[in-house]
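Down below is the structure, laid out as structure tokens.
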There are 2 protein chains.
Amino acid sequence: MKYSNQTRMLVAVDCIIFGFDGTDYKILLIQRGFAPEKEKWSLMGGFVQMDETLDEAAKRILNQLTGLHDVYMDQMSAFSQPLRDPIERVIAVPYVSLIDIEKYSKQINNDFHAKWFSIREIPKLIFDHGDMVELALQQLRYKAALHPILFELLPEKFTLPQLQTMYEGLYDIKLDKRNFTRKLLSSNLLHKENDKDKSSSKKGAYYYSLNEDFYTRNLSNILPIVSKSDISLAAE
Amino acid sequence: MKYSNQTRMLVAVDCIIFGFDGTDYKILLIQRGFAPEKEKWSLMGGFVQMDETLDEAAKRILNQLTGLHDVYMDQMSAFSQPLRDPIERVIAVPYVSLIDIEKYSKQINNDFHAKWFSIREIPKLIFDHGDMVELALQQLRYKAALHPILFELLPEKFTLPQLQTMYEGLYDIKLDKRNFTRKLLSSNLLHKENDKDKSSSKKGAYYYSLNEDFYTRNLSNILPIVSKSDISLAAE
DNA sequence: TTTTTAAATGTTTTTTTTACACTAATCAAA
DNA sequence: TTTGATTAGTGTAAAAAAAACATTTAAAAA
């Protein structure tokens, strides 16, 4: 038994995968392997199967491309223009993932011709994927100002200057080093390690790691790291 | 031409309609008119048609029930458990609407047996609608702490005590009257009228109205009205 | 005119945020 | 081995924002 006189449609999940290489924000794109728009740059996507939730579909698709499990994923609003896909009606649900770029395994992606692009040089994307990415970045800026989600982009050990560069890069601002480190250190999120990263200075910067417990408990709490006066949040 | 070997599914929109009667938060529910779960309490919903976006579907369905146009609507994350609807696979996209309860026209809804329930006394709902409502309330608390969206619940003219009651009710807290009014008045959101509402006191409380321009420009800005220390935001 | 009820209002204290500049560690070059 | 170059690390004072707190005012009813 089915609901009668209703039209069914495809539901797709598209993965917006952000990374940070220490200097720049990157997005992982693939060359679409099938018509239409074959070979054009695109988000990694796939159709939701009959026995899986949207979250499960997104995890499956992300894993297929990156080999990663247990990744930060956040569902965005659905894209539903009737003609957004010229082949047939497809409702697309984008997911934003933040990954440690170093954990991404290159070998696994060969099928998809995946490539990291700086978010300042994103190529033209198929369908409405460009809009998705733009909205995703807007929402990332919004959320990251209120919640410590950017840590998902970093390796296990990171330095305070790296952290600051990451925040400055997202909003294209300069922050005061003393105020920034004070805020971070007083947040209880960080644990100081004993060794230093000497790759970017002679003096070397101490490594820190995430206080995982505290982090998990406080992801949903509001913890302003960049303040209202530092940035202008375009939208939610 | 279609994508081959893919399964298509129904996509539904469900409307979570909140109102505020001056004292309590209310939700508008209907008695479902068809099987399964006929006559059970439910959110007003409907299937997305082939030629409409999700937003359009949500507007259509909300208008069908309430007669209202131009209502605040906010798309939530999709609900996608494969078996959430026992009849067949349906992906549900809930929309939260905030309406001025007085504008809702009773005559239009007779078909649906709609009824306002206090959010403290929500009946058992079909499928996963109960979860949707719970999440919607959580998100309403989150958003309302950061953006002046609760004004959507009020009539054109309202008083400061009404406004305070509305915020206190959402978080189940008491706020300091002096600090609250100072914050609101300094926000530039309000315009003082010359007349008073004498329905709830002898002295009467001055009416205020929304500075629409300023409001529209600042909806997406962060404007904390209740502060972190007043509330504990469960989640985002 | 007195009583009752809810509305309106200001100041002080505390906390948070901002602005601002020098010293420390290490490597490389002279 | 000394000097210079480079980035890391750190504290304090001023300003702004938030919190705590109690009395007066308007108007109707008694």
Side-chain angles (χ1 to χ4, degrees), chain A residues 22-23 145-146 154 157-169 171 173-209 221-233, chain B residues 22-23 145-146 148 154 157-169 171 173-209 218 221-233:
Chain A
T23 311
L146 299 170
L154 293 172
K157 293 187 345 183
F158 49 84
T159 66
L160 292 176
Q162 274 169 31
L163 210 49
Q164 187 173 342
T165 307
M166 186 169 68
Y167 277 94
E168 290 178 338
Y171 301 101
I173 50 172
K174 289 299 284 178
L175 296 169
D176 181 278
K177 184 172 35 166
R178 284 164 294 189
N179 293 338
F180 180 82
T181 52
R182 183 181 318 110
K183 197 179 282 192
L184 265 292
L185 292 176
S186 70
S187 75
N188 276 340
L189 280 167
L190 303 186
H191 175 256
K192 191 175 188 173
E193 303 287 330
N194 292 318
D195 49 341
K196 287 181 164 184
D197 165 35
K198 294 207 175 158
S199 66
S200 56
S201 83
K202 290 160 185 171
K203 180 174 177 180
Y206 277 106
Y207 279 117
Y208 287 80
S209 59
N221 284 8
I222 294 182
L223 174 74
I225 290 175
V226 287
S227 69
K228 252 198 303 180
S229 59
D230 290 329
I231 53 174
S232 54
L233 293 169
Chain B
T23 312
L146 299 170
L154 293 173
K157 294 189 341 184
F158 48 85
T159 66
L160 291 175
Q162 273 170 31
L163 209 50
Q164 186 172 344
T165 307
M166 185 169 68
Y167 277 93
E168 290 178 337
Y171 301 101
I173 51 172
K174 289 299 283 180
L175 296 170
D176 181 279
K177 184 172 32 168
R178 284 164 293 187
N179 292 337
F180 181 82
T181 52
R182 182 179 323 107
K183 197 178 281 192
L184 266 293
L185 292 175
S186 69
S187 75
N188 275 339
L189 280 167
L190 302 187
H191 175 256
K192 190 174 187 174
E193 302 288 330
N194 292 317
D195 49 340
K196 287 180 164 185
D197 165 35
K198 295 205 177 161
S199 66
S200 57
S201 84
K202 290 162 185 168
K203 180 174 178 181
Y206 277 105
Y207 278 118
Y208 286 80
S209 58
N218 287 277
N221 284 9
I222 293 181
L223 173 75
I225 290 175
V226 286
S227 70
K228 252 198 304 180
S229 58
D230 290 329
I231 52 174
S232 54
L233 294 167

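Note that the coordinates shown come from a computational prediction; the quantities given were computed from them, not determined experimentally.
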Atom-to-atom span, CD1 of A/Ile222 to C1' of C/dT16 - whole angstrom:
16 Å
Check the distance between C/dT16's P and A/Phe180's CZ and give it to me in whole angstrom.
19 Å
With 3.5 Å as the limit, what N/O pairs link the protein to nucleotides 14-16 of chain D?
none

Heavy-atom distance under 4.5 Å between the side chains of B/Asn188 and B/Asn218, does that happen here?
no
CD of A/Glu193 versus P of D/dA8: gap in Å, rounded?
18 Å
Could you tell me the separation between the CD atom of B/Gln162 and the CG atom of B/Asp197, rounded to the nearest 0.5 Å?
5.5 Å
Does any N or O donor sit under 3.5 Å from an N or O acceptor when you compare the side chain of B/Lys202 with the base of C/dT4?
yes
When rounded to the nearest 0.5 angstrom, what distance separates CG in A/Leu163 from CG in A/Leu184?
4.5 Å
For a 4.5 angstrom cut-off between non-hydrogen side-chain atoms, does B/Tyr207 reach B/Thr159?
yes
Using ring-ring contact (aromatic ring centres under 6.0 Å, His included) as the criterion, list what pairs up with B/Tyr208, not counting sequence neighbours.
none
Quick one: does any side-chain atom of A/Gln164 pair with a main-chain N or O of A/Thr181 as donor and acceptor, under 3.5 Å?
no
A/Glu168 CD - D/dT7 C1' separation (whole Å)
14 Å
Report yes if some heavy atom in the side chain of A/Thr23 is under 4.5 Å from a heavy atom in the side chain of A/Thr165; otherwise report no.
no
NZ of B/Lys183 versus P of D/dA20: gap in Å, rounded?
11 Å
Protein-nucleotide distance (B/Leu184, atom CG; C/dA8, atom P), rounded to Å:
12 Å
B/Gln164 CD to C/dT9 P, straight-line distance once rounded to whole Å:
14 Å
In whole angstroms, the gap separating P of D/dA27 from CG of B/Asp197 amounts to 14 Å
From CG (B/Leu146) to CD1 (A/Ile222), nearest 0.5 Å
4.5 Å
Just the table, please: protein N/O against nucleotides 9-13 of chain D N/O, every pair under 3.5 Å.
unit_1: D/dG9; atom_1: OP1; unit_2: A/Tyr206; atom_2: N; d: 2.9
unit_1: D/dG9; atom_1: O4'; unit_2: A/Lys203; atom_2: NZ; d: 3.4
unit_1: D/dG9; atom_1: N7; unit_2: A/Lys177; atom_2: NZ; d: 3.0
unit_1: D/dG9; atom_1: O6; unit_2: A/Lys177; atom_2: NZ; d: 2.9
unit_1: D/dG11; atom_1: O6; unit_2: A/Arg182; atom_2: NH2; d: 3.1
unit_1: D/dT12; atom_1: O4; unit_2: A/Arg182; atom_2: NH2; d: 2.9

I'd like to know if the side chain of A/Lys183 reaches the main chain of A/Ile225, judged simply by a donor and an acceptor atom lying under 3.5 Å from each other, with no hydrogens or angles considered.
yes
